[in-house]
Protein chains: 2
Amino acid sequence: MSARATTRPGGRSARVQQSVHQAVRDLEAEVGRGALTVPLIAARAGVTPSTVYRRWGDLRELLSDVAVERLRPDAPPADHGGLRADLEAWTVQFAEEMSSAPGRTYIRDALLGDPGQGSAVRCSDYAAEQLKAIGVRAAGRGEAVPDLETLLDVVVAPLMYRILFRPSELSQAYVGRLVAAALGRAGSPSGT
Amino acid sequence: MSARATTRPGGRSARVQQSVHQAVRDLEAEVGRGALTVPLIAARAGVTPSTVYRRWGDLRELLSDVAVERLRPDAPPADHGGLRADLEAWTVQFAEEMSSAPGRTYIRDALLGDPGQGSAVRCSDYAAEQLKAIGVRAAGRGEAVPDLETLLDVVVAPLMYRILFRPSELSQAYVGRLVAAALGRAGSPSGT
DNA sequence: CAGCCTAATGCGAAGAAATTGCGTCTGCCG
DNA sequence: CGGCAGACGCAATTTCTTCGCATTAGGCTG
């Protein structure tokens with residue numbers, strides 16, 4: 001599950017976590033991701049390596065923790081006045097962010113670092129929350145809304161599959177087809 | 001791209017590669033995946049650690065290489081006399097293999113161990129080849145065959161997304177719905 | 001078939017990273 | 001105000017990683 005904020009903000013643990021996270025982000029930009037090591041990060045954060053090892057276990061879990069933070073949406077999905085427009089805009093932005101070089105790195109870090117897959121679940125939940133918000137808003141307008149599971153299957157899953165397994169271009173036309181396919185199934189339940 | 005067989009079978013390089021791969025498989029079963037280290041593997045394989053580092057770079061790439069081998073299909077998809085039956089059987093088997101504990105481990109190793117994503121592409125190609133074989137056979141029977149890209153989007157992608165990001169149960173009913181969705185789109189092109 | 005030539009491996013040392021025990025300190029709670 | 005549990009710093013030890021150099025295997029040419 002990686003390290004979450006266990007103590008209140010202002011406590012020492014919280015300060016250490018924040019400091020280490022910041023050190024990772026800084027060093028990622030300065031020396032590149034490949035050159036990151038625990039001792040290096042610890043030195044920048046002003047803590048000893050053993051602290052990092054005890055809190056996060058190893059470098060991968062720490063990077064996973066940081067990556068999840070970066071993948072967290074910073075705002076609710078933009079409102080374009082209609083389900084199709086909202087969904088298209090969100091999907092385009094999502095595809096661009098995730099298929100970019102940094103995006104791919106964050107996804108891989110998030111997936112790789114956490115043995116219990118907790119990080120991966122959180123990533124999926126982020127997308128699900130955004131889609132759900134779009135759906136709720138559309139339902140408020142009286143529109144027929146596709147099932148959340150269907151959206152994940154038809155829109156998110158193909159995008160992520162191509163990003164992870166087939167590093168090719170994701171054309172806007174392709175993204176449009178995914179959205180169209182999702183809307184064509186409005187209301188049809190999927191489930192697991 | 002990891003290390004491939006560069007010399008002919010029987011050469012020393014080939015022997016070393018085979019020996020190291022075998023050591024990984026053996027030790028994975030004996031001490032568990034988490035306890036694997038390069039020096040340990042090298043000792044078992046009868047080579048020096050530096051040889052492993054030179055050929056594979058690091059432990060992750062080596063594990064990625066081995067994982068891809070294990071994910072390679074060992075036989076063409078079974079023939080059940082019809083497209084739907086073939087597709088359903090293949091999908092069920094694929095889902096079972098990939099969602100099992102070892103399957104998930106191999107996928108993660110293959111996916112995340114290779115910086116160039118060459119391993120991931122190979123994994124995707126394996127599935128694509130199997131699906132293509134099913135399609136060719138069905139076309140020979142005169143059946144309408146779904147586009148390969150559509151199959152990847154509608155069947156493979158959702159399965160892999162759930163396996164990687166949402167470690168929940170993959171019910172046979174869910175697999176059946178995926179196949180049904182794919183057949184419902186027979187012939188409609190997708191593309192990238 | 002003999003001998004060269006490239007590339008991969010073995011070996012060993014040096015440097016870096018990971019792990020662990022123990023003492024200290026912070027900050028929460030009675 | 002004082003105790004207590006958990007987290008951190010420090011330092012020694014172990015293990016992993018990298019690198020230069022010598023050696024050898026195997027392919028290739030004459």
Side-chain angles (χ1 to χ4, degrees), chain A residues 1-24 26-28 30-66 109 112-115, chain B residues 1-24 26-28 30-66 69 109 112-116:
Chain A
M1 188 84 51
S2 296
R4 309 309 306 144
T6 50
T7 63
R8 301 187 183 169
R12 185 163 68 158
S13 294
R15 279 200 307 276
V16 167
Q17 163 154 350
Q18 191 174 0
S19 169
V20 169
H21 274 220
Q22 190 61 46
V24 170
D26 292 348
L27 288 170
E28 220 165 24
E30 288 177 27
V31 303
R33 198 206 100 92
L36 292 183
T37 66
V38 170
L40 185 67
I41 293 166
R44 169 66 67 102
V47 300
T48 65
S50 60
T51 294
V52 175
Y53 286 119
R54 272 191 274 256
R55 291 251 317 209
W56 282 276
D58 60 13
L59 177 61
R60 287 172 8 183
E61 288 185 47
L62 171 57
L63 293 183
S64 178
D65 208 36
V66 174
D109 283 344
L112 175 63
D114 194 342
Chain B
M1 189 83 53
S2 297
R4 311 308 305 144
T6 51
T7 62
R8 301 187 182 168
R12 183 163 69 160
S13 294
R15 280 200 307 276
V16 167
Q17 164 152 351
Q18 192 174 0
S19 169
V20 169
H21 274 219
Q22 189 61 45
V24 170
D26 292 348
L27 288 171
E28 220 166 23
E30 288 177 28
V31 302
R33 198 205 101 92
L36 292 183
T37 66
V38 170
L40 185 67
I41 293 166
R44 169 66 66 101
V47 301
T48 65
S50 60
T51 294
V52 174
Y53 286 117
R54 272 192 279 254
R55 294 249 316 211
W56 282 276
D58 61 11
L59 178 61
R60 283 168 29 179
E61 288 185 48
L62 171 57
L63 292 183
S64 177
D65 207 38
V66 174
E69 291 302 312
D109 284 345
L112 304 164
D114 190 346

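Order of the sequence lines fixes the chain letters, A, B, ..., with proteins taken first and strands second; residue numbering starts at 1 for each chain.
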Using atom CD1 of I41(B) as one end and atom C1' of dC16(D) as the other, report the distance to the nearest whole Å. 13 Å

Between dT9(C) (C1') and W56(B) (CH2): distance, integer Å: 12 Å

Looking at every non-hydrogen atom in both residues, tell me the closest pair between A23(B) and R44(B) and how far apart they are. CB-CG, 3.5 Å

Rounded to whole Å, how long is the line connecting atom CD of Q17(A) with atom P of dT26(C)? 20 Å

Which nucleotide in the list dG10(C), dA8(C), dG9(D) gets nearest to the side chain of R54(B)? dG10(C)

Taking only N and O in the side chain of S13(B), is any of them less than 4.0 Å away from OP1 or OP2 of dA8(C)? no

Close side-chain approach of R54(B) to S50(B), heavy-atom, < 4.5 Å: yes

So, is T48(B) close to the dG10(C) phosphate, meaning a side-chain N or O under 4.0 Å from OP1 or OP2? yes

Counting only heavy atoms from other residues, nucleotides and ligands, does the tally under 6.0 Å from CD of Q22(A) exceed 12? yes

L40(A) has an atom CG; how far is it from atom P of dG15(C), in whole Å? 19 Å

Does L36(A) reach the side chain of L62(A), with side-chain heavy atoms less than 4.5 Å apart? no

Between G46(B) and L59(A), which is nearer to the 5' end of DNA chain C once each is assigned its nearest nucleotide? G46(B)

Can you find a donor-acceptor pair, distance only, under 3.5 Å between S50(A) side chain and dC8(D) base? no

Within the pair R12(A) and dG9(D), is there a side-chain N or O less than 4.0 Å away from OP1 or OP2? no

Using whole Å, report how far CZ of R55(A) lies from P of dG9(D). 11 Å

5′-ward residue of the pair R15(B)/P39(B) relative to DNA chain D: P39(B)

